[in-house]
Engineer: 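The structure's right below; bear with me while I get my questions together.
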Amino acid sequence: MRKYVIMGVQGSGKGTQAALLAADLDLTHISVGDIFRWHVQHHTKIGAQVRRIMAAGDLVDDDLVESVVRERLGQHDWNYGFVVDGFPRNQRQAEFFLESYDIDAVIHLDLPDTEVRRRVLARRLCSRCGMDYNLIAHRPEVEGRCDVCGGELVSREDDTEQALAARLRAYHAKTDPVLDLFRRKEFVVTVDAQPDKATVQWMIREQLQLPARDDAEQRPASDQ
Ligand code: AMP
């Protein structure tokens, strides 16, 4: 069983890299941000509690985050392991996590703030099927429309200059110290998140000594 945490500032590709890793290793990808977005979209009680906080780029209350994580991991649908993305984000969450679960490695995606800004402000999401786009690296064929379902492309509510500034501040103040804590206790691998996604995935696997993806197309250009 493999249990990983993936950490990195907004826009560093955590969700993408976690999904690539999870896919062929049969790991369960658990994104706390996605769970909260699901609640907002489905107008649940939790959704009502977190919507404004998320839109402002602030962190959701630790008790709520912990109960969501506990509930999600308690489903035990992760026979081969999991990749947790977006958690822990502060010292208290890290302590809760370390007390409750043992992890094999922490994957840290490293991206400078200037690049974060460039990427995040170009990020778009299909309002119908949820497919991710980026106006720099992954443009839709028809402007403003999803290639898959034709749905309208929108920005995430928290991908604004103001919310991004708040999220970056929160990340450096609260999440950087978590990385230091993990560096003292756990196996942390740091990967440069600037190359294209296939290369980043390849570097993660190399550092964790995991098998490369068998799809040749997914290997970095320099390796083909
Ligand atoms: P993400 O998709 O990981 O960027 O998360 C989106 C938003 O969900 C964050 O800006 C927070 O408002 C909230 N969130 C996600 N994970 C956490 C967490 N571990 N602690 C507190 N808030 C979180």
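Because the structure is a prediction, the values reported are computed rather than measured. Just follow the structure's listing: the first ligand is 1, and inside any ligand the first atom is 1.
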Engineer: Please confirm whether Phe87 and Phe97 have ring centers closer than 6.0 angstrom.
Structural biologist: yes
Engineer: At under 4.0 Å between heavy atoms, is it the side chain or the backbone of Met7 that contacts ligand 1, or both, or neither?
Structural biologist: neither
Engineer: When you measure from atom 5 (O) of ligand 1 to each heavy atom in Arg167, Arg89, Gln10, which option holds the nearest one?
Structural biologist: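 Looking at heavy atoms only, Arg89 sits closest to atom 5 (O) of ligand 1.
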Engineer: In sequence, state the C-alpha distance, the side-chain angles, and the governing distance for Glu161 and Arg117, and then conclude on side-chain contact (heavy atoms from CB on, under 4.5 Å).
Structural biologist: CA-CA 8 Å; Glu161 291 258 12; Arg117 251 185 109 258; 2.8 Å; yes
Engineer: Arg205 and Gln201: side-chain donor and acceptor closer than 3.5 Å?
Structural biologist: yes
Engineer: Say you draw a straight line from CZ of Phe36 to CG of Leu64; how long is it, rounded to the nearest 0.5 Å?
Structural biologist: 4.5 Å
Engineer: Let me confirm one number: the CE-CG distance from Met1 to Asp26, rounded to the nearest 0.5 Å.
Structural biologist: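 The CE atom of Met1 sits 12.0 Å away from the CG atom of Asp26.
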Engineer: Would you mind running through ligand 1 and noting each atom that sits below 4.0 Å from a heavy atom of Gly33?
Structural biologist: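 So the answer, numbered in order with elements, is 2 (O), 5 (O), 15 (C).
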Engineer: May I ask you to check if ligand 1 and Arg37 share an N or O to N or O distance below 3.5 Å?
Structural biologist: yes
Engineer: Would you say Asp58 has any N or O atom under 3.5 Å from an N or O of ligand 1, going by distance alone?
Structural biologist: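 Checking ligand 1 against Asp58, an N or O pair does fall under 3.5 Å apart.
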Engineer: Which protein non-hydrogen atom lies closest to atom 22 (N) of ligand 1, naming both residue and atom, and how far is it?
Structural biologist: Val60 N, 3.0 Å
Engineer: Can an N or O of Leu59 be found at a distance shorter than 3.5 Å from an N or O of ligand 1?
Structural biologist: no
Engineer: Of Gly86, Ala163, Pro88, Gly8, which has the heavy atom at the shortest distance from atom 18 (C) of ligand 1?
Structural biologist: Gly86
Engineer: Sort out for me which residue in Arg37, Arg52, Arg51 forms a salt bridge (Lys or Arg N to Asp or Glu O under 4.0 Å) with Glu157.
Structural biologist: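 Exactly one pass, corresponding to Arg51.
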Engineer: Heavy atoms only: which of Arg156, Arg51, Met54 is nearest to atom 7 (C) of ligand 1?
Structural biologist: Met54
Engineer: List the steps, then state whether salt bridge (Lys or Arg N to Asp or Glu O under 4.0 Å) holds for Asp63 with Arg92.
Structural biologist: CA-CA 10 Å; Asp63 287 333; Arg92 188 183 131 179; 2.5 Å; yes
Engineer: Below 4.0 angstrom from a heavy atom of Gln93, which ligand 1 atoms are there? Numbered from 1 as shown, please.
Structural biologist: 18 (C), 19 (N), 20 (N), 21 (C)
